[in-house]
Amino acid sequence: MGSRKKVHAFVRVRPTDDFAHEMIKYRDDNKTIDIHLKKDTRRGVVNNQQTDWSFKLDRVLHDASQDLVYETVAKDVVSQALNGFNGTIMCYGQTGAGKTYTMTGATENYKHRGILPRALQQVFRMIEERPTHAITVRVSYLEIYNESLFDLLSTLPYVGPSATPMTIVENPQGVFIKGLSVHLTSQEEDAFSLLFEGETNRIIASHTMNKNSSRSHCIFTIYVEARSRTLSDEKYVTSKINLVDLAGSERLGKSRSEGRVLKEATYINKSLSFLEQAIIALGDQKRDHIPFRQCKLTHALKDSLGGNCNMVLVTNIYGEAAQLEETLSSLRFASRMKLVTTEPAINEKYDAERMVKNLEKELALLKQELAIHDSLANRTLVNYDPMDEIQIAEINSQVRRYLEGTLEEIDIINLRQIQEVFNQFRMVLSQQEQEVESTLRRKYTLIDKNDYAAISAVQKAGLVDADGHLVGEPDGQGFGLGVAPFSVKPGKKSKSKKMFKEQVSSSARKEGASSPLSGKDLDVSTSKTQMILSSKDGDVKDMLVRDRETSNTEPLASDSPKEELRPPRPSTPPTKPVAFEDFKNERGSEINRIFKENKSILNERRKRASETTQRINAIKREIDMTKEALNLQKSLREKQGEYENKGLMIIDEEEFLLILKLKDLKKQYRTEHQDLRDLRAEVQYCQHLVDQCRHRLLTEFDIWYNESFFVPEDLQMALKPGGGIRPGMMPLNKIVSLGEDDQDRFGQLQQTTLPEGPDSVSFYNAKVKMEQKVTWGIWVSRKARPQGPQYWDTQDGPPHFRGRGGKRQPREIQSPRVSGYLLPTPEWHTVVVPQTLARCGHGQ
Ligand code: ADP
Ligand code: MG
């Protein structure tokens, strides 16, 4: 099994009284047959004709009984078939040499029965000897005549797939003849009946269809399937034994052949020579393609020639001198066949049904085993079945609670549950990703970094500089347009001055925390998509595209700084970026100027801080070098011997100078260090003011934008200074949704939305009227104040920081609206209260 095996080739000589003793000789080994051919005298004196041949086969069967032939040729092959090995026994030779006699035998004489009935007998005998196995036997009988397939058992009733005409089909299991009836035989007798039926059909056909039975190939196949009666064994073996009685191999002389005979001869010659080619190819180890499909015979025998079969060839020859040429040719075929090697292997299959049953049994057993382990480990009621929807939903909720932090941990129950937990984690994660993305998309316009057209449009509109940073940031920190922090949004106003203060101090407590809109989170250079902040309803990209399309036809908003000179409101509002530019030129010009000024001061301070740092580093290096030189001096002095005078060490001038230098350097270092500390505090402070300015600029812009393009004309008046309502005191959507019928509700809204109730309206009206004349008082908390004395200018409009030593200092913009709206998030406590507010108090 598994090892290569040669084809067994036997030669059987038909008994004769006229045996050519001089020409055919057997050697003593019973295997070798020598042929001697007399020289053809007609070929003249010079005659190179070969006259001697020697063929060594597996056995020469001379005058052998049918019994002996079976024992020698077939017995092993048949017994191996019951173990799952395919077998092929083939008779080859010229017509009348005894092929049919060898294969089928004389059907009228039991003693002279051939290999076929004996094989059937052996199969059934072996079945009887193997009660442990359930073995089924089926047979089929195929005839190939002139390249046509005939079912020699078609006359019998047959239950099974039928197809006419029959075709040879290949599938992974092997080759089979579609349409050939395969008959189940449960006992020897049935099998014989089938054989005889086939033989009879063969003879009848030769008469009715004018077929010469010796001119066809016949293949009798016994199919064996053996299953163990032990139920647990799901493996079973299958095999087939092909018993092949080939057509006569003799070459018919062309002169003698005509009509039917010529046609038969052509087909036989072809099929036998194809068989020979296939055999030669099989015998050649280097060949990987075997031409099986060239004729029906080789195709039908594809998996029975060579391959994993036990293969036997019986070459039938005549003993008479007259047939010597054909005998020689048959022996040549036999010796070629002997070169073929096969690799017999068991055809093992698996019974799916039995396998499932066995696995189910094993599963039940393992579950019991698990239950025992669970009870030993005090784990009760663990369910190992697949989870249902309710259980999955529960796991989903656990995962969500775990992520929220309301569930400390998720208990491990079993493997299935762990897998489901991971599964749900993945689902929740992907859901959250989608939610975050859609929230961002609702709020912001995402520009693809690779979308150069969009980027350049944004740059053109002045929102992003060439490096991809949002405008307004010296260090790449972007900022938003028109989005106010939640705490300062209209409708979230503090109700009283007390609350206002609390808010300030609570935001101050978050020291170092940047405003959610500081833009630090939106560094465009690090994110894959550039993010441009726009108001909740704005789509900057869209706006920009529209802007580009309309820029030639529609004049942009006027550059005039005076609001009154602004042209009539356009039917479509300008894009935010464009409007922002306008805003910076008109209402926002002052804030923008201060913002820019503060920024340049901040930059200048930063530069100075960095220069100071460099200087400090240089001084530090020099200190180190001086120290090293001093150490060297000291060690030299120690080596040369030290001098002392009244307890004082005497040192040379060089060392003395070094000590002085070191002292001086240390002093410088301290001074510069102090300067750096001051500068850092200043930078921090300036940064805060810049942030504040930026925030104010954006908020003002938002109000201005809404007021200019969205608030209905009739409400404009009310929104103007002295008009009763300040823009931004209530959410825009509430204002624009107001109809005439809503006036009453508007009144109520004012009462609920305005910070200090209905009374505050008149307060704010009065305050707005005072706006231009207001003088400011500033309280700056001492504890967080930057180093050094500070001077605050309160005479010249909005207060700005004069700084120390009369230097130019960043200005702090103070909102004229002190309602709590527009509160900065200072890093220290800066509370600015207009004196008017202080004077009036509130609730007036
Ligand atoms: P083939 O099938 O090769 O054409 P057959 O098997 O039909 O030849 O044999 C032709 C005749 O020779 C038959 O009558 C057969 O009984 C007889 N014959 C062949 N071989 C033997 C043998 N070994 N012993 C006795 N008779 C034989
Ligand atoms: Mg025959």
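Start at 1 and go down the list; that is how both ligands and their atoms are numbered. Heavy atoms only: backbone and side chains are in, while hydrogens, waters and symmetry mates are out.
- Heavy atoms of G93 come nearer than 4.0 angstrom to ligand 1 in no pair at all.
- Contacts between Q94 and ligand 1 below 4.0 angstrom, taking non-hydrogen atoms only, involve the backbone exclusively.
- With a heavy-atom cut-off of 4.0 Å, K99 touches ligand 1 through backbone and side chain alike.
- Under a 4.0 angstrom heavy-atom cut-off, R12 registers as being in contact with ligand 1.
- Scanning the protein heavy atoms around atom 10 (C) of ligand 1, the nearest turns out to be G96 O, 3.7 Å.
- Between F10 and H8, the ring-plane angle classifies as tilted under the 30° and 60° cut-offs.
- In this structure, atom 3 (O) of ligand 1 has a protein heavy-atom contact shorter than 4.0 Å.
- Taken to the nearest 0.5 Å, the CG atom of L272 stands 6.5 Å off from the OG atom of S249.
- Considering backbone and side-chain N/O of V13, none are found under 3.5 Å from N/O of ligand 1.
- Interface atoms of ligand 1 facing T95, defined by a heavy-atom separation under 4.0 Å, are 4 (O).
- Looking at P15 against ligand 1, only its side chain comes within 4.0 Å, counting heavy atoms.
- Rounded to the nearest 0.5 Å, atoms NZ (K338) and CG (D58) are 3.5 Å apart.
- Across the listed options M103, R14, H62, R14 owns the non-hydrogen atom lying nearest to atom 11 (C) of ligand 1.
- Contact annotation: A97 has at least one heavy atom less than 4.0 Å from an atom of ligand 1.
- The aromatic rings of H62 and F19 sit perpendicular, their planes meeting at an angle over 60°, well past the 30° parallel limit.
- Residues E225 and T238 have side chains that never bring a donor and an acceptor to within less than 3.5 angstrom of each other.
- None of the N, O or S atoms belonging to Y101 lies under 2.8 Å away from the Mg ion (ligand 2).
- Closest to atom 16 (O) of ligand 1 among all protein heavy atoms lies Y101 CD1, 3.5 Å.
- N242 places no side-chain N or O within donor-acceptor distance of the main-chain N or O of V244, the cut-off being under 3.5 Å.
- Of the listed residues (L156, L184, L120), just one forms a side chain to side chain contact (heavy atoms under 4.5 Å, CB included) with L194, and that residue is L156.
- Side-chain atoms of H183 do not come within 3.5 Å of backbone N or O of V139 as any donor-acceptor pair.
- Within 4.0 Å of atom 13 (C) of ligand 1, not a single protein heavy atom is present.
- Considering backbone and side-chain N/O of T102, none are found under 3.5 Å from N/O of ligand 1.
- If you check the side chains of Y141 and E199, you find a donor sitting under 3.5 Å from an acceptor.
- Checking H299 against E170 by side-chain atom types alone, a donor-acceptor pair falls below 3.5 Å.
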